[in-house]
2 protein chains.
Amino acid sequence: MEQDGDKTILETARDGGVSDPVRRAAEAEGVSAEALSEAVGAGQAVIPHNRHVRLERPMAVGRGLSTKVNANIGTSKDHPEPEPELEKLRVALDAGAHAVMDLSTGGPIREIRRAIREACPVPLGTVPVYQAAVETVEQRGRSICEMDVDDLFRVIEEQAQEGVDFMTVHAGLTLEGIERLARKERLMGVVSRGGSLVMEWMMYNRRENPLYERFDDLLAIAREHEVTLSLGDGLRPGCLHDATDGAQVHELIILGELTLRAWEAGVQVMIEGPGHMPMDQIAANMLLEKRLCHGAPFYVLGPLVTDIAPGYDHITSAIGGAIAAAAGADFLCYVTPAEHLKLPSLEDVKEGVIAARIAAHAADIAKGVPGALDQDRRMAEARHRLDWQTQIDLSLDPEKARLYRDEGGAYHGPTCTMCGDYCAIKTYKRAMRLKAGSGGA
Amino acid sequence: MEQDGDKTILETARDGGVSDPVRRAAEAEGVSAEALSEAVGAGQAVIPHNRHVRLERPMAVGRGLSTKVNANIGTSKDHPEPEPELEKLRVALDAGAHAVMDLSTGGPIREIRRAIREACPVPLGTVPVYQAAVETVEQRGRSICEMDVDDLFRVIEEQAQEGVDFMTVHAGLTLEGIERLARKERLMGVVSRGGSLVMEWMMYNRRENPLYERFDDLLAIAREHEVTLSLGDGLRPGCLHDATDGAQVHELIILGELTLRAWEAGVQVMIEGPGHMPMDQIAANMLLEKRLCHGAPFYVLGPLVTDIAPGYDHITSAIGGAIAAAAGADFLCYVTPAEHLKLPSLEDVKEGVIAARIAAHAADIAKGVPGALDQDRRMAEARHRLDWQTQIDLSLDPEKARLYRDEGGAYHGPTCTMCGDYCAIKTYKRAMRLKAGSGGA
């Protein structure tokens with residue numbers, strides 16, 4: 001069954017059908033289309049796939065599926081050039097990102113998004129309030145507080161028409177949530193860029209969040225163009241101290257309510273999650289999301305398990321992301337070494353994707369995703385044979401593995417320069433031959 | 001009470017006293033000397049501190065203490081020059097390593113060890129069988145199988161006399177364990193370098209492991225010179241497939257028996273652990289060690305949570321190490337990006353130490369080590385103030401944080417080049433001012 005004009009992916013799945021995006025995503029994943037469609041119909045998996053595009057590499061996220069990785073790219077005011085971001089797209093894809101978000105806030109952002117869409121074979125996500133805010137400020141010379149709500153919805157519709165597959169909307173940030181935020185001291189307040197923009201608008205205008213108030217309008221656009229909503233966590237903790245507080249959990253409750261409304265409207269939903277969080281709180285947060293949001297897929301940024309490692313937040317988030325994914329998170333947003341310090345470079349993008357893929361893969365093994373251990377087994381077999389070419393080919397980053405191997409310099413013997421003749425693998429094999437024979441003494 | 005000629009650190013602690021190394025390690029840790037001494041007396045903490053040295057930076061490892069990090073350095077046959085290894089020592093210490101092991105197997109290894117000891121303010125560990133094997137092969141032109149047991153014990157005694165603080169001895173690898181190993185197929189067999197050397201000797205000579213058979217001789221040397229024994233895991237798994245099998249657990253049972261004998265002899269002990277291991281097996285392995293080895297501190301290499309990321313094994317082991325330490329591991333041996341590929345460079349050593357420190361710190365927060373969260377709190381406060389100098393000063397690696405911050409190029413405004421004017425922290429502060437006032441509309 002093809003995706004038709006009447007039904008959304010969710011509705012088709014709920015009615016027992018298999019839409020084209022589901023079928024193709026199932027093929028890419030190596031799972032049965034019927035099983036995937038059942039999970040999509042139950043809201044426990046999503047296929048972010050805009051109606052107006054045909055993705056070369058569709059992606060399924062959710063229950064029973066391998067953990068996916070998203071890479072954020074995009075300009076900023078200080079780096080408004082589109083070309084480096086298109087280059088980052090290529091690097092992210094080469095490194096194995098399953099989806100990409102364009103978070104541009106500098107330069108000609110509409111044109112940048114179109115160029116990225118054109119070049120992007122995987123699901124593309126955005127945060128439409130960025131475009132609305134930037135247009136208000138840069139083009140109209142007004143403050144963010146004067147952003148027109150109709151303009152915001154026009155941007156959402158434009159992006160939906162132009163092929164964006166999933167959109168982050170901070171629809172769960174409400175006046176009530178902001179009151180709750182103010183009742184308990186946070187060290188970092190609000191660290192979500194979109195969340196803070198929406199909050200400033202709300203405080204200036206003394207009005208409820210338009211994304212919450214007009215959620216039905218949002219759903220109508222999402223339904224018409226088949227946009228998956230990624231319900232943003234505007235109140236996510238920005239440091240370990242602020243994790244799992246009333247404001248964060250309150251917003252999650254609202255996101256769960258909005259999830260039910262989206263499903264009712266035939267719109268696919270995933271939930272965004274923290275953030276910065278001590279290791280021992282991660283599993284509970286995964287459970288909370290699955291319960292409060294009725295099994296909707298969880299898309300997490302990090303979690304970063306310490307605040308004190310700027311320059312290495314790809315590692316702090318690989319630790320948190322692995323634990324999160326093993327405990328139920330479905331989709332990891334990468335964090336690069338540049339996080340908290342600057343817009344990432346090409347190299348940062350690559351390192352961020354690889355670190356998140358390591359976390360995702362380690363978690364897939366732990367949560368028993370079928371076949372997850374196969375590549376590890378082949379790697380172990382190649383290591384035992386001292387078969388270096390196969391080891392390099394099986395590496396998550398063959399380029400770096402090859403480079404390191406070659407940096408052994410002139411040495412290209414059967415072992416490596418760590419142990420040389422004292423290679424445990426060689427010694428063990430000799431020992432086993434002696435064991436099988438009669439020893440040597 | 002000073003460390004005297006009669007009693008060891010363990011015996012003094014058991015008798016209710018506080019030896020000088022315990023007092024100084026407690027000071028360094030910021031804990032009460034009496035509490036630390038009690039843990040040392042119970043075998044649940046160790047202070048690796050040779051009788052013949054006075055360490056500038058003594059270290060306590062174990063119950064209730066922050067998780068410590070060890071860096072392995074040392075030559076190999078292909079890189080026999082001492083100078084780079086002394087440089088690695090400096091880099092490892094600058095990056096915050098709490099202990100260092102000299103694993104040299106190339107060049108004039110006795111002289112290299114002496115030079116490292118001279119330059120090393122922290123506890124120094126070795127694997128004496130390396131020196132015995134290398135001297136047998138390189139100096140006497142014999143095979144490892146012809147290593148003389150008395151020579152091995154002479155090397156152990158020499159190293160003890162010359163100030164080595166802790167020694168890895170693969171005393172738990174027995175003929176029975178090797179039989180058990182052969183009963184179930186492993187993909188990687190034995191990957192411990194020392195373990196494989198001992199095994200080859202045993203298979204050639206058809207004799208029991210001399211480190212096991214003559215464990216009392218080992219204890220006599222360790223007792224006399226105050227060497228902490230690090231009971232090596234010769235049968236640790238070398239890939240995920242081999243984790244937590246009969247051979248591994250059988251060796252751990254023996255290490256638990258040897259622990260009791262060491263304590264009886266007044267010798268401090270820690271236990272070495274895996275290795276390569278799926279995330280979901282780590283916590284159980286920590287519990288097993290604490291139970292089978294009677295609460296002796298656990299010193300783990302990794303665990304690496306996937307086999308397929310050569311070039312990034314500092315990250316795979318940071319994930320595993322964080323989970324392990326949160327579940328009870330006390331001491332993390334770093335793994336560098338060069339693991340499985342080559343002898344590490346200076347940069348690899350630095351990255352390895354930082355990654356392990358991130359894992360250790362994240363775990364300390366999760367397991368509630370007193371004060372572990374303090375630096376994170378100060379970082380969050382500095383971030384909220386957009387106080388960049390303090391953020392850099394509080395970073396685990398201030399040099400890299402400064403470099404990344406400066407790579408923002410000409411831009412040195414109050415925010416960073418990721419968000420620029422759309423910095424969530426700035427926007428949030430404006431929103432809160434609007435909230436406190438009467439809004440702006």
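We name chains A, B, ... by the order of the sequence lines, and we start the count at 1 in each one. Values reported hereafter were calculated over all heavy atoms of this structure, with side chains retained and with hydrogens, waters and symmetry mates removed.
Residue A/L103: no heavy atom, backbone or side chain, is found under 4.5 Å from chain B. Proximity to chain B is limited to the side chain of A/A326, based on heavy atoms less than 4.5 angstrom apart. Interface remark: B/I308 contributes backbone and side-chain atoms alike to the contact with chain A (heavy atom separation under 4.5 Å). The parts of A/T105 that come within reach of chain B are both its backbone and its side chain, each placing non-hydrogen atoms under 4.5 angstrom from that chain. If you measure heavy-atom distances from B/I323 to chain A, the contacts under 4.5 Å come from both the backbone and the side chain. Using a 4.5 Å cut-off between heavy atoms, B/P398 does not touch chain A at all.
Remark: the backbone N or O of B/G106 is not paired with any side-chain donor or acceptor of B/S104 at under 3.5 angstrom. No donor-acceptor pair closer than 3.5 Å links the side chain of A/K342 to the backbone N or O of B/E407. In this structure, the side chain of B/Q375 engages the main chain of B/L394 through a donor-acceptor pair within 3.5 Å.
Residue with the most contacts toward chain B among A/H384, A/R378, A/K426, A/Q391: A/H384 (heavy-atom pairs, distance under 4.5 Å). Between chain B and the options A/K77, A/H361, A/E381, the largest number of non-hydrogen pairs under 4.5 Å is found for A/H361. The candidate with the highest count of non-hydrogen atom pairs below 4.5 Å against chain B, out of A/A322, A/C423, A/G321, A/G194, is A/A322. Looking only at heavy-atom pairs under 4.5 Å with chain B, the residue among A/D280, A/T306, A/I319, A/D376 that has the most is A/D376. Between chain B and the options A/M418, A/M432, A/Q281, the largest number of non-hydrogen pairs under 4.5 Å is found for A/M418. Among the candidates B/T75, B/I425, B/D348, B/L304, the residue making the largest number of heavy-atom pairs closer than 4.5 Å to chain A is B/D348. When A/A309, A/C419, A/C239, A/P278 are compared by the number of non-hydrogen pairs under 4.5 Å with chain B, A/C419 comes out ahead.
In this structure, A/R207 fails the cation-pi test against A/W201, since its NZ or CZ atom is not both closer than 6.0 Å to the six-membered ring centre and inside 45 degrees of the ring normal. Figure legend: B/K400 and A/Y312 shown as a cation-pi pair, the cationic atom lying under 6.0 angstrom from the six-membered ring centre and within 45 degrees of its axis.
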> When you look at B/H340 and B/D313, which way does the side chain to side chain donor-acceptor pair (under 3.5 Å) test go after all the steps?
Replying inline: CA-CA 9 Å; B/H340 299 110; B/D313 278 330; 2.8 Å; yes
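You'll find the side chain of A/Y204 stays beyond 4.5 Å of the side chain of A/I144, heavy atoms only. Residues A/I392 and A/E399 have side chains not in contact (no heavy-atom distance under 4.5 Å, counting atoms from C-beta outward).
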